[in-house]
Amino acid sequence: MEVTYLKAINQALHEEMARDENVLVMGEDVAELGGAFKVTEGLLAAFGEERVIDTPISESLIVGASVGAAVLGMRPVVEMQFADFISCGFDQIVNTAATLCYRHGGKASCPMVVRAPSGAGVHGALFHSQNPEAWFTRVPGLKVVAPATAYDAKGLLKSAIRDDNPDIYFEHKRLYRSIKEDLPDGDFTVPLGRAELRREGRDLSIITYGGTLHQSLDAARIAEKEDGLAVEVLDLRTLLPLDREAILETARRTGKVLVVHEDRLTGGIGGEVAALIAEYAFEYLDGPVRRLAALDTHVPFAPPLEEFVLPNTNKIVNAIRSLAAY
Amino acid sequence: MEVTYLKAINQALHEEMARDENVLVMGEDVAELGGAFKVTEGLLAAFGEERVIDTPISESLIVGASVGAAVLGMRPVVEMQFADFISCGFDQIVNTAATLCYRHGGKASCPMVVRAPSGAGVHGALFHSQNPEAWFTRVPGLKVVAPATAYDAKGLLKSAIRDDNPDIYFEHKRLYRSIKEDLPDGDFTVPLGRAELRREGRDLSIITYGGTLHQSLDAARIAEKEDGLAVEVLDLRTLLPLDREAILETARRTGKVLVVHEDRLTGGIGGEVAALIAEYAFEYLDGPVRRLAALDTHVPFAPPLEEFVLPNTNKIVNAIRSLAAY
Amino acid sequence: MAEHDGAPAAVPGATRAEHELQLYYWMKLIRAFEERVSRLHRQNKVLGGVYSGAGQEAIVTGICAPLRDGDFVAPLHRDLGVFLMRGVDPGRLMAQLMAKEDGLSRGKDSFLHGGDMSHGVFGSTSMLGSSLPVAVGAALKFSIKREQHIAVAFFGEGAASRGDVHEAMNFAGVRKLPVLFVCENNRYAYSTPFEKQAAIENIADRAQAYGFRGHVCPGNDLLAVVGLAERVIDSIRAGGGPSMIECKTYRWRGHSEHDPALYRDQEELLEWESRDPIPQFEFYLGKRGHDLTRLRAETDERVNQTVQAAVDFAEHSPFPKAEEALEDVYAGEGLAPAARSAAAANGPGVTK
Amino acid sequence: MAEHDGAPAAVPGATRAEHELQLYYWMKLIRAFEERVSRLHRQNKVLGGVYSGAGQEAIVTGICAPLRDGDFVAPLHRDLGVFLMRGVDPGRLMAQLMAKEDGLSRGKDSFLHGGDMSHGVFGSTSMLGSSLPVAVGAALKFSIKREQHIAVAFFGEGAASRGDVHEAMNFAGVRKLPVLFVCENNRYAYSTPFEKQAAIENIADRAQAYGFRGHVCPGNDLLAVVGLAERVIDSIRAGGGPSMIECKTYRWRGHSEHDPALYRDQEELLEWESRDPIPQFEFYLGKRGHDLTRLRAETDERVNQTVQAAVDFAEHSPFPKAEEALEDVYAGEGLAPAARSAAAANGPGVTK
Ligand SMILES: Cc1ncc(C[n+]2csc(CCOP(=O)(O)OP(=O)(O)O)c2C)c(N)n1
Ligand SMILES: Cc1ncc(C[n+]2csc(CCOP(=O)(O)OP(=O)(O)O)c2C)c(N)n1
Ligand SMILES: [Mg+2]
Ligand SMILES: [Mg+2]
């Protein structure tokens with residue numbers, strides 16, 4: 001039966017809470033309301049207010065408390081109402097949670113997940129459109145995932161919940177209701193740390209994740225139809241650790257790489273990916289490693305501005321053409 | 001007369017406070033004590049407790065209050081006692097300060113400086129050794145500087161204080177007393193956004209900044225003496241905005257680039273620099289763009305571990321040799 | 001428009017009666033503006049999140065009335081009334097909500113995040129509570145420069161749980177800064193009732209934890225709010241140090257226009273709808289001998305004209321040009337350097 | 001070593017006299033340990049920042065005495081006594097301070113940041129106040145699982161200014177969680193005196209701002225601390241919800257061993273040095289009829305043996321192997337994947 005990206009996340013939460021009584025859900029308006037986006041809908045009714053907890057507006061507490069519960073064996077899944085507000089729980093994530101195992105000499109762990117609805121293209125403006133993933137992909141001890149399909153949304157969340165480390169799970173708001181898939185019923189997981197080749201092609205590789213996967217696939221189809229170009233599309237899925245092998249493989253196979261993401265260009269993950277390729281696939285490159293991303297500004301409010309700043313299918317097609325022509 | 005890196009910063013603060021009565025200094029233990037590292041020594045006596053302010057332990061307040069004073073025309077220079085604690089003032093920097101001009105339609109500005117003593121190699125372990133610069137170099141609206149010499153420390157701080165935007169100023173703790181220079185007396189500044197070529201050479205380029213500049217220069221000399229290699233060393237100095245022209249120039253000139261920094265490899269600025277080169281200097285490259293940085297772990301405490309994790313002259317020499325041999 | 005030169009206190013030599021009629025006008029204007037914004041949102045002319053302050057007008061009106069030019073105010077996300085009372089042109093405010101070029105942020109940011117420092121209104125970020133440290137910093141500037149101004153920060157009872165609120169109040173107390181913290185306790189933070197937000201009766205009781213005074217007042221009673229505000233603001237201006245005022249009120253509409261607010265009890269809503277600040281104040285004006293029918297008619301006409309003029313102005317204002325997205329990232333530097341390079345980097349994708 | 005099975009309360013069936021002698025032993029052990037650590041630091045055998053808790057032993061001793069196995073404690077950076085009281089082996093603790101392989105963090109982190117969850121001791125980060133939300137989360141787990149345990153978080157009067165402290169206490173109050181907040185008010189935060197830190201007399205007075213009780217007690221009076229701690233901890237355990245205890249004390253040494261603390265008045269120091277908790281408690285034991293000379297001699301010998309054994313153990317423990325820097329970044333995964341690739345990336349630089 002067809003399931004939206006949003007429903008897939010909701011199912012993963014239901015199933016994992018049923019599977020493991022140590023899983024708990026905590027955040028602002030997650031219980032009674034079922035979350036600002038209804039992602040946690042039904043959990044309160046199913047599991048009660050001891051495991052589905054409405055918190056005060058205290059992001060640092062939300063993350064810090066989940067560390068305290070996690071180090072004692074719970075598996076908290078906490079929600080930032082918008083990924084943008086993760087800046088208010090920042091220290092607890094990058095210091096308290098990320099270094100916990102290390103500073104306890106490997107004898108304690110912090111099995112928790114921070115869910116963060118991220119992404120632009122929804123008229124959210126500066127503080128409801130952010131893609132903060134690259135703040136976390138530079139922090140050892142964390143794992144960072146960003147699913148782009150309903151299947152991955154469900155499978156990766158389950159893996160993150162079962163993982164013994166702090167995982168930051170970025171779910172793209174624009175995908176919540178815009179994509180639907182038939183999901184296998186019953187339990188399935190998607191391994192952390194593995195990219196997925198969504199489309200094969202010998203001419204050029206697009207490496208992307210999250211919100212821009214679908215635009216990239218559309219662009220690849222257009223480039224094939226209109227220009228006869230065979231474009232390969234790699235979906236990173238996990239952003240920390242990166243799937244080096246998959247990245248280098250596709251780069252070596254096609255020799256031309258375009259990295260695409262909705263996060264802004266400078267300091268986005270594209271830099272790290274391009275650097276890996278420039279270092280380890282250098283001999284195979286037939287052209288410069290190109291990046292297409294949001295412009296280096298804030299995500300603006302007025303539609304013409306937002307449109308101008310964000311990547312889209314059109315811009316990707318143009319980038320494909322210019323790189324193919326190189 | 002010879003001046004240490006630390007004294008150069010202290011001089012800049014004295015001179016700018018004397019030059020502009022809107023400059024104020026605020027932070028934990030900056031007044032009475034003169035700062036944990038004595039960087040603000042003498043300011044209280046010279047300018048009084050209205051402009052040199054000891055705050056409670058409240059990093060978010062420190063940054064947020066400086067935004068409030070700045071938007072009304074003051075030029076606060078606030079101190080994070082250690083750069084590591086900047087995580088506690090994170091939201092105020094990346095959201096309140098960085099977007100202020102933008103969300104006021106360009107009709108308000110936020111002229112402030114956040115000073116952050118950063119860097120490892122001083123047995124500081126996980127929470128007194130961090131190099132957090134790359135968290136900020138991905139945030140439009142901020143400028144990020146990291147001086148490596150006493151001259152730049154003074155000149156860049158003056159420029160940052162006079163700049164109408166929020167500047168994050170990373171001063172390397174290991175350099176405080178370890179380097180000395182003759183500084184011209186009288187007022188001088190170093191422009192923001194300009195890298196400096198510290199050493200010329202046709203064989204290979206090292207691009208670095210801050211703590212690893214001196215190790216890179218030493219390594220370049222060794223490689224010249226022992227291997228007859230002519231290694232060019234570019235000091236970025238400003239990390240946001242990056243000096244694209246200087247970076248691409250040196251890459252095009254030598255065709256082989258080694259990016260070096262003390263910040264860890266994954267997610268460090270090296271990725272952005274390497275990506276720029278792989279995209280815009282691709283045709284000139286005679287070898288892979290290599291990166292040498294701290295290993296992707298936390299900065300550990302025990303000396304053998306810290307030594308193993310951090311870059312040093314030796315490791316840089318080896319990296320030079322292997323790239324030169326490519 | 002004369003009535004937009006800012007709050008009445010700023011109008012010299014106004015009689016008590018004039019002053020009270022002015023306050024009435026403000027509440028009516030804010031209410032009309034709120035209702036129009038909700039309608040424009042349903043018509044998709046105002047995009048993004050819209051947070052109605054309908055029912056809470058007496059708070060903004062009463063607190064802003066005693067303010068002067070040069071004072072600093074950080075409104076919360078429901079306080080469009082603050083912009084109007086501080087003298088921001090209604091047309092520009094409406095253009096802001098419609099993401100137009102003539103909006104305060106020139107279309108860059110949404111709803112009330114665009115500020116107007118020329119009227120002392122700070123554009124807060126979305127991060128709740130984060131404007132309190134900023135207001136404290138403004139107060140710090142006033143105290144350093146020995147200026148007679150004060151800073152005001154509005155926040156909700158939900159935002160009160162943020163660490164920033166604690167850090168801001170503590171420092172304000174230590175330095176005895178001229179800042180007023182105004183908590184609009186409307187009983188809900190999105191779906192979260194006050195009991196889940198704090199285990200106390202009054203947020204204002206926290207003031208003593210920072211060494212200054214807290215006051216609780218009925219937020220829908222304009223006379224109570226303005227009376228208290230005048231006393232408290234005078235004492236802050238006189239160097240008495242910070243204060244907190246908590247106004248008990250209620251959020252009439254959903255958290256945002258998207259929210260049906262099914263989580264709350266209709267009885268409670270009805271009870272609070274009956275505590276409408278406007279008829280309450282009209283009743284008082286009646287006692288003062290005003291002819292209410294005439295007054296209502298006149299005021300409604302002025303108010304509707306003002307709102308309609310604002311809407312017309314905003315509708316005729318263009319959307320900003322795409323390239324402007326790269327402006328104002330840095331003060332006085334035109335294009336952001338990084339943005340320029342980004343534009344280059346994105347090459348054909350962007351330029352075509 | 002028997003006396004390291006944890007706090008006396010955990011030793012079943014101890015008589016009152018045994019209990020009091022045990023408390024005496026703890027204070028003496030902590031003091032001796034503190035002094036030895038300061039000496040080792042001067043000898044460069046303990047690297048990095050060293051923060052002495054000398055003079056504050058009665059607080060840790062009195063608060064930890066009533067704790068039980070399974071309770072959770074987050075110490076502050078001066079509380080090495082917490083580790084000893086909770087049953088952490090002194091040798092491993094000393095090895096921790098010397099960055100040795102047998103240290104709690106296996107040489108990875110410094111001083112008291114290494115925790116030992118097998119004894120319920122959480123290794124806090126350096127970020128002051130950030131351990132309070134963690135302790136609240138531990139208490140949340142206890143309440144969800146209906147366990148009779150409690151969580152304890154120690155913090156300084158300086159850390160009290162952090163937003164995390166506010167967020168933690170507020171949530172603990174709302175959920176009535178079994179957590180005890182212990183403020184060690186030693187009058188200074190590095191160089192910053194309490195007056196610059198807060199505009200109030202007692203941090204404990206803030207408890208009411210969160211709906212629970214705060215208690216103030218003389219922190220150098222062991223009997224007062226332990227008596228209050230027993231009552232308060234019993235009530236928390238019985239489901240009475242959170243509490244705060246503020247212990248008034250004084251930091252004898254500099255902020256860290258590097259700090260001559262010239263900013264404070266010698267009179268004040270002298271006054272507080274005379275409030276040494278140990279002679280005070282000895283005086284009490286004398287009144288209870290103990291032969292003090294014998295008691296001192298015996299205790300000193302036991303204590304010195306324990307400390308010396310700890311030092312010997314730590315000195316013989318090796319430094320960790322370089323490659324271990326890449327271990328324990330992730331739980332149960334050996335090398336960090338990213339670290340592996342980094343090692344590869346650094347190639348010759350690292351492997352040679
Ligand atoms: C730091 C932060 N966390 C979460 C949110 C999402 N959010 C926006 S408004 C709101 C409720 C605010 O409640 P309150 O402070 O009482 O103000 P009110 O909306 O009731 O006027 C929430 C949770 C936010 N904007 N900022
Ligand atoms: C968030 C944060 N800011 C600053 C510091 C630096 N610092 C370490 S200890 C200290 C003083 C702490 O004072 P207090 O909390 O009273 O504890 P005490 O040292 O007096 O026991 C400071 C400012 C820190 N560790 N964490
Ligand atoms: Mg509210
Ligand atoms: Mg203290």
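Scope of the values below: all heavy atoms of this structure, side chains included, with no hydrogens, waters or symmetry mates. So that the names make sense, note that chain A is the first sequence line, chain B the second, and so on, each numbered from 1.
- Judged by distance alone, the side chain of A/Tyr102 and the main-chain N or O of D/Ala325 form a donor-acceptor pair under 3.5 Å.
- Interface summary for chain D: among A/Thr55, A/Val71, A/Ile53, the most heavy-atom pairs under 4.5 angstrom belong to A/Ile53.
- Taking A/Ala108, A/Pro140, A/Gly193, A/Pro166 one by one and counting their heavy-atom pairs under 4.5 Å with chain D, the maximum is reached by A/Pro140.
- With chain A as the partner, the residue from D/Arg175, D/Arg106, D/Gln96 showing the most heavy-atom pairs under 4.5 Å is D/Arg175.
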Verdict with reasoning, A/Lys107 to D/Leu104, per side chain to side chain contact (heavy atoms under 4.5 Å, CB included): CA-CA 9 Å; A/Lys107 290 183 207 63; D/Leu104 303 175; over 6 Å; no

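- For CZ of D/Arg237, the number of neighbouring non-hydrogen atoms (other residues, nucleotides, ligands) closer than 6.0 Å is greater than 12.
- Remark: the A/Asn22 side chain and the D/Lys145 side chain contain an N/O donor-acceptor pair separated by less than 3.5 Å.
- Among A/Thr99, A/Val67, A/Leu100, A/Thr96, the residue making the largest number of heavy-atom pairs under 4.5 Å with chain D is A/Thr96.
- Side-chain contact between A/Asp163 and D/Tyr330 is absent, with no heavy atoms from C-beta onward closer than 4.5 Å.
- Within residues 151-168 of chain D, the residues having any heavy atom less than 4.5 Å from a heavy atom of chain A are, in residue-number order, D/Asp164, D/Glu167, D/Ala168.
- Contact annotation for A/Glu21: both backbone and side-chain heavy atoms come within less than 4.5 Å of a heavy atom of chain D.
- Put simply, CG on A/Leu61 and CG on D/Asn170 are 8.0 Å apart, with the number rounded to the nearest 0.5 Å.
- The residue among A/Asn165, A/Ile57, A/Asp164, A/Val63 with the most heavy atom pairs within less than 4.5 Å of chain D is A/Asn165.
- Summarising the geometry, atom CD belonging to A/Glu50 is positioned 9.0 Å from atom CG belonging to D/Leu140; distances are rounded to the nearest 0.5 Å.
- Within residues 121-131 of chain D, the residues approaching chain A closer than 4.5 Å by heavy atoms are, in numerical order, D/Val121, D/Phe122, D/Gly123, D/Ser124, D/Thr125, D/Met127, D/Ser130.
- No more than 12 heavy atoms of other residues, nucleotides or ligands lie within 6.0 Å of OH in A/Tyr284, so this atom counts as exposed by the packing criterion.
- Looking at D/Ser110, there are no atoms closer than 4.5 Å to chain A (heavy atoms on both sides), in backbone or side chain.
- In plain terms, the two heavy atoms of A/Pro56 and D/Phe171 that are nearest each other are CD-CD1, 3.3 Å.
- Within the 4.5 angstrom heavy-atom criterion, no atom of A/Leu242 approaches chain D.
- Atom CD of A/Glu49 sits in a sparse spot, with 12 or fewer heavy atoms from other residues, nucleotides or ligands closer than 6.0 Å.
- Between the OG atom of A/Ser109 and the CE atom of D/Met117 there is a distance of 10.0 Å, given to the nearest 0.5 Å.
- Here CZ of A/Arg51 is found 8.5 Å from CD1 of D/Ile144. Values are rounded to the nearest 0.5 Å.
- For A/Arg162, the CZ atom counts as densely surrounded, since its 6.0 Å shell holds more than 12 non-hydrogen atoms of other residues, nucleotides or ligands.
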